[in-house]
Amino acid sequence: MDRLERYLENLRGRRVLVLGLGVSNRPLVRLLLAHGAEVTGCDRRGREDLEAETLALEDQGLRLRLGASYLEDLSGDVAFRTPGLHPDRPELARLRAQGTVMTSEMEVFFEVCPCTAIAVTGSDGKTTTTTLISEILKEAGRTVWVGGNIGRPLLPLADRMGPEDVAVVELSSFQLLDMVRSPHVAVVTNLAPNHLDVHRDMAEYVAAKENVYLHQGPGDVAVFNADNAITHGFCPKAAGKVLEFSRRTRPAAGVYLENGVIYRAGGEKLLEQAEISLPGIHNVENYMAAICAVEGLVSDEDIRGVARRFQGVEHRIELVRTRKGVRFYNDSIASSPSRTIAGLRSFPEKLILIAGGYDKHIPYDDLGPEIAAHVKTLVLTGATAPKIRRAVEDAPGYAPGAPEIVEIEDFYEAIRTAAALARPGDVVMLSPASASFDHFRNFMVRGDAFKKTVMEL
């Protein structure tokens, strides 16, 4: 009996609460029901808003608790928290006080995973770094399972994984908030203010991210960005081997960029920066993080091969089309100022930038000077438009009309306005520096809407 089977057998006949019935938890419910657990699915949505797939689980024994009071007066032996539910909610505190074991699909996966697990977190670059790691491992002939914040839920697949496989997982701060297990290899790409609409403050956000490595042992590996003050400060707290990546210094262990070449610590040449197909210096950093994560698992030629052919991940500085000499890029993933700054720095010319969206209560002070330096026309839309405008107009390098600032309330009209203002040779980029939730379910839906509108021009 493998570890997953043993874990599930221990839940047979026990009362299990699944708090949230989104995409990641529905396979979990099926798994629990199949192994004889008494499962109650709790969701704030009403019955009329649930997917047919979820309602069909009632025939397999799922009990539903729905609506605004879905967390009230609950009791159970084990509760699986969905990432969007803050563990400090009073209802969850009451469950813990009653003796309910609080866990999550991702935490149990780390407990039962039969192979090497590599996890990536950070404010920016998580998905690209996660994908790069998986692509390099595949290039080396390894069987790779990708999941967590991207891909598919991994817990139901654990019994199909072999000891020589590798699980590569992207983790958000919400998934890490109360995590008490860490993977064999933990990567933190960088940290900057983000999601402060959900976290109490920056300290809680940072503490959540730290859980990716704080529960490691002496035989594990932690990878940090040496150029980010917060992540560099994690080094003394890591229990295992520490590798850093840098484009400003030469770390004691890890890799660094110098004069257009990536070297291993000690001076061994590994890769020319020019060999990396992805645009932008931030993607060089992502690649260096990936190199550290796969140390000892692949050859240098595997690393170089992926660098030359990998063209990027959808919604990340993605070229949509060239129309009348104007290039349109979709960078909808940029839901924070630091992410938009990285996108702006990826182009030599000044851009026409479409920005703005849902307000996560994060500062925009650092974005203002970057827009003043890299943008010729700023098209603002969404709730954060006034904050971004104020940050630009307060920037030292700003002069009236440089950049020109236009505010358009409607997202689609903002795209059409940007296109109308563009001239041959211009770059138009959607890089909102804001979340999508004011109009769209997530950044992917927003990016798809941008691409569809651009293709219809």
Side-chain angles (χ1 to χ4, degrees), residues 115-122 124-126 128-142 144 164 166 168 183-190 212-213 216-312 342 345-346:
C115 61
T116 297
I118 301 173
V120 180
T121 194
D124 303 313
K126 294 188 297 294
T128 297
T129 302
T130 301
T131 307
L132 283 169
I133 291 168
S134 66
E135 290 298 313
I136 296 170
L137 289 165
K138 290 175 188 175
E139 188 86 358
R142 304 296 289 267
V144 183
E164 299 304 315
V166 184
V168 186
H184 172 57
V185 180
V187 181
V188 187
T189 58
N190 50 59
V212 76
Y213 76 90
Q216 289 184 317
D220 295 324
V221 179
V223 178
F224 301 131
N225 185 341
D227 301 336
N228 182 276
I230 299 174
T231 56
H232 180 62
F234 294 164
C235 293
K237 293 185 274 185
K241 181 179 181 180
V242 173
L243 300 176
E244 289 191 283
F245 60 94
S246 176
R247 55 189 181 88
R248 297 175 185 162
T249 64
R250 295 183 180 184
V255 297
Y256 62 92
L257 177 69
E258 195 171 275
N259 299 322
V261 178
I262 295 175
Y263 296 92
R264 283 195 176 89
E268 178 189 356
K269 180 179 176 180
L270 178 58
L271 180 70
E272 296 275 353
Q273 180 181 345
E275 294 180 77
I276 299 175
S277 297
L278 292 174
I281 192 65
H282 63 295
N283 279 319
V284 176
E285 293 180 338
N286 293 336
Y287 212 88
M288 289 194 291
I291 291 170
C292 290
V294 299
E295 184 187 71
L297 300 174
V298 304
S299 72
D300 290 355
E301 194 46 49
D302 296 325
I303 292 170
R304 296 187 191 105
V306 173
R308 295 175 189 130
R309 67 170 175 77
F310 184 72
Q311 297 295 316
R345 292 177 177 177
S346 298

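Computed from heavy atoms alone, side chains included, the values below leave out hydrogens, waters and symmetry copies.
- In this structure a side-chain-to-backbone donor-acceptor pair under 3.5 Å is missing from T128 to G125.
- The shortest side-chain heavy-atom distance between L257 and F245 does not fall under the 4.5 Å cut-off.
- Between E285 and R247 there is a salt bridge, since a side-chain N of the basic residue sits under 4.0 Å from a carboxylate O of the acidic one.
- When all heavy atoms are compared, the tightest approach of P251 to A265 is O-CB, 3.4 Å.
- Between H184 and D220, the shortest heavy-atom distance links the atoms ND1-OD1, 2.9 Å.
- Note on E295 versus R264: no salt bridge recorded, every NZ/NE/NH1/NH2 to OD/OE distance being 4.0 Å or above.
- How far CE of M288 is from CD1 of I276: 8.0 Å, rounded to the nearest 0.5 Å.
- Residue S277 comes nearest to R309 through the heavy atom pair OG-N, 4.0 Å, listed as atom of the first residue, atom of the second, then distance.
- Between T129 and A289 the shortest heavy-atom distance is CG2-CB, 4.0 Å.
- Here I136 contributes atom CD1 and K138 contributes atom NZ; the two are 12.0 Å apart, rounded to the nearest 0.5 Å.
- Taking OG from S134 and CZ from R142, the interatomic distance works out to 13.0 Å, rounded to the nearest 0.5 Å.
- Across all non-hydrogen atoms, the minimal contact from L132 to A290 is CB-CB, 3.9 Å.
- Looking only at side-chain heavy atoms (C-beta outward), V294 and V166 stay at 4.5 Å or farther from each other.
- Contact annotation: the side chain of N228 never approaches that of V188 to less than 4.5 Å [non-hydrogen atoms, C-beta and beyond].
- Of the possible donor and acceptor atoms, one in the side chain of N190 sits under 3.5 Å from a partner among the backbone N and O of D124.
- Rounded to the nearest 0.5 angstrom, F310 CZ and L278 CG are separated by 5.5 Å.
- Within a 6.0 Å radius of CD in E164, no more than 12 heavy atoms belonging to other residues, nucleotides or ligands are found.
- A donor-acceptor pair under 3.5 Å links the side-chain atoms of N225 to the main chain of T189, judged by distance alone.
- Nearest heavy-atom pair across V212 and T121 is CG1-CG2, 3.8 Å.
- In this structure, I262 CD1 and Y256 OH are separated by 11.5 Å, a value rounded to the nearest 0.5 Å.
- Taking CG of N286 as the start and NZ of K126 as the end, the distance is 10.5 Å to the nearest 0.5 Å.
- Considering only residues two or more places apart in sequence or on other chains, Y213 meets the ring pair (Phe, Tyr, Trp, His ring centres under 6.0 Å) condition with F224, F234.
- The side-chain heavy atoms of E268 and D300, taken from C-beta on, include a pair separated by under 4.5 Å.
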